[in-house]
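Accompanying notes for the structure given below.
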Amino acid sequence: MARAGDELVNPASGKRIVFLQTAADTYGQLLEMDDFWTRPGHRTAEHIHPEMQERWEVIAGSVCFRIDGVEQIAGPGEVVIAPAGVPHMAWSIDAAPVHLRIQMQPALRWERFVERLFALARDGHTDERGMPDPTLMIELLGEFPREIAPAPSSGD
């Protein structure tokens with residue numbers, strides 16, 4: 001169980017998470033964490049949070065967000081929000097490290113998802129981007145259906 005101040009590192013992607021406020025701290029209303037992208041070219045896969053809103057505040061670096069098909073570049077001090085159920089992804093746009101402050105509302109079990117995902121990377125079950133092999137990813141998505149799901153196909 002994550003606690004405020006706990007830090008997780010994904011050895012495959014170099015991504016680092018520091019929990020600031022956990023579900024236990026906020027009675028499940030909010031999870032707040034600092035997210036550090038330490039390597040150039042960091043990119044998240046497009047996905048949705050079926051029952052959670054995700055809010056990012058860029059602390060350092062520049063990030064391109066695609067939310068519901070619309071791209072937006074954000075820099076320090078800017079805030080971007082993906083409502084629950086809306087497809088989104090993000091990527092660093094240059095070689096500089098990125099620091100984001102993320103809020104997930106409600107918290108649900110996102111802390112546990114991150115812990116499991118980073119443990120798979122630590123145990124060597126992910127690619128260099130930190131993504132689990134497809135079989136493990138299907139299991140993980142099945143365990144956290146309220147928290148995360150693949151984005152619907154665009155039909156292109």
Side-chain angles (χ1 to χ4, degrees), residues 1-10 13-118 121 126 129-132 137 140-156:
M1 175 195 245
R3 295 188 177 140
D6 285 357
E7 179 177 298
L8 299 176
V9 177
N10 183 319
S13 68
K15 183 174 177 163
R16 183 168 58 97
I17 297 282
V18 178
F19 294 104
L20 302 176
Q21 294 185 78
T22 66
D25 298 328
T26 65
Y27 301 98
Q29 296 301 306
L30 170 75
L31 169 64
E32 184 173 51
M33 57 195 165
D34 279 346
D35 187 2
F36 298 90
W37 300 352
T38 60
R39 297 182 186 161
H42 182 84
R43 184 179 199 89
T44 65
E46 190 170 34
H47 60 281
I48 64 171
H49 300 294
E51 298 182 32
M52 303 165 64
Q53 171 183 281
E54 186 167 10
R55 177 190 184 273
W56 303 269
E57 178 184 356
V58 179
I59 306 297
S62 296
V63 179
C64 188
F65 295 91
R66 183 183 307 144
I67 300 172
D68 207 14
V70 177
E71 291 186 8
Q72 171 184 352
I73 295 175
E78 295 183 284
V79 172
V80 178
I81 296 172
V86 174
H88 60 279
M89 63 187 300
W91 60 93
S92 58
I93 60 173
D94 56 32
V98 170
H99 174 189
L100 301 168
R101 176 139 314 137
I102 299 176
Q103 293 182 342
M104 307 297 286
Q105 290 181 290
L108 299 178
R109 296 182 310 133
W110 191 251
E111 298 155 19
R112 185 68 186 129
F113 173 81
V114 172
E115 289 170 335
R116 295 260 288 114
L117 182 64
F118 282 34
T126 65
R129 296 173 305 129
M131 295 299 295
M137 191 62 178
L140 200 57
L141 292 173
E143 186 178 339
F144 296 95
R146 297 177 64 202
E147 289 81 7
I148 189 164
S153 174
S154 62
D156 296 328

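- Applying the salt bridge (charged side-chain N to carboxylate O under 4.0 Å, His left out) test to Glu147 and every residue at least two apart in sequence or in another chain returns Arg109.
- Note that CD of Gln72 and CZ of Arg66 are 13.0 Å apart. Values are rounded to the nearest 0.5 Å.
- Annotation: side chain of Met104 is in contact with side chain of Ile102 (closest heavy-atom distance under 4.5 Å).
- Residue Phe65 forms a side chain to side chain contact (heavy atoms under 4.5 Å, CB included) with just one option from Val80, Thr44, Ile73, and that option is Val80.
- Ala74 approaches Val58 most closely through the heavy-atom pair CB-CG2, 3.8 Å.
- Between the side chain of His99 and the backbone N or O of Pro97 there is no donor-acceptor pair closer than 3.5 Å.
- Summarising the geometry, atom CD belonging to Glu115 is positioned 7.5 Å from atom CG belonging to Asp6; distances are rounded to the nearest 0.5 Å.
- When atom types are taken as modelled, the side chain of Ser62 and the backbone of Ile93 share no donor-acceptor pair closer than 3.5 angstrom.
- Closest approach of Pro50 to Arg146, counting heavy atoms only: CD-O, 3.6 Å.
- By the 4.5 Å heavy-atom criterion applied to side chains, Glu7 and Phe36 are not counted as neighbours.
- Not a single donor-acceptor pair under 3.5 Å links the side chain of Glu111 to the backbone N or O of Leu31.
- Closest approach of His47 and Glu54 over heavy atoms only: NE2-OE1, 4.1 Å.
- Within the 4.5 Å cutoff, no side-chain heavy atoms of Leu108 are placed close to those of Phe144.
- The CE atom of Met1 sits 11.0 Å away from the CZ atom of Arg112 when rounded to the nearest 0.5 Å.
- A distance of 8.0 Å separates CG of Leu100 from CD1 of Ile59, quoted to the nearest 0.5 Å.
- When all heavy atoms of Arg129 and Ser13 are compared, the closest pair comes out as O-CB, 3.4 Å.
- In this structure, CZ on Phe118 lies 10.5 Å from CZ on Arg16, to the nearest 0.5 angstrom.
- Contact between Ile81 and Trp56 at its shortest, heavy atoms only, is C-CZ3, 4.1 Å.
- Minimum interatomic distance between Asp25 and Leu20 (heavy atoms only, all atoms of both residues): OD2-O, 4.3 Å.
- Within the 4.5 Å cutoff, no side-chain heavy atoms of Pro40 are placed close to those of Ser92.
- No side-chain heavy atom of Leu30 sits under 4.5 Å from any side-chain heavy atom of Pro106.
- Using a 4.5 Å heavy-atom threshold, the side chains of Thr126 and Met131 count as separate.
- A distance of 8.5 Å separates CD in Glu32 from CD in Glu57, rounded to the nearest 0.5 Å.
- Looking at Phe113 and Glu143, their side chains never come closer than 4.5 Å, going by heavy atoms from C-beta outward.
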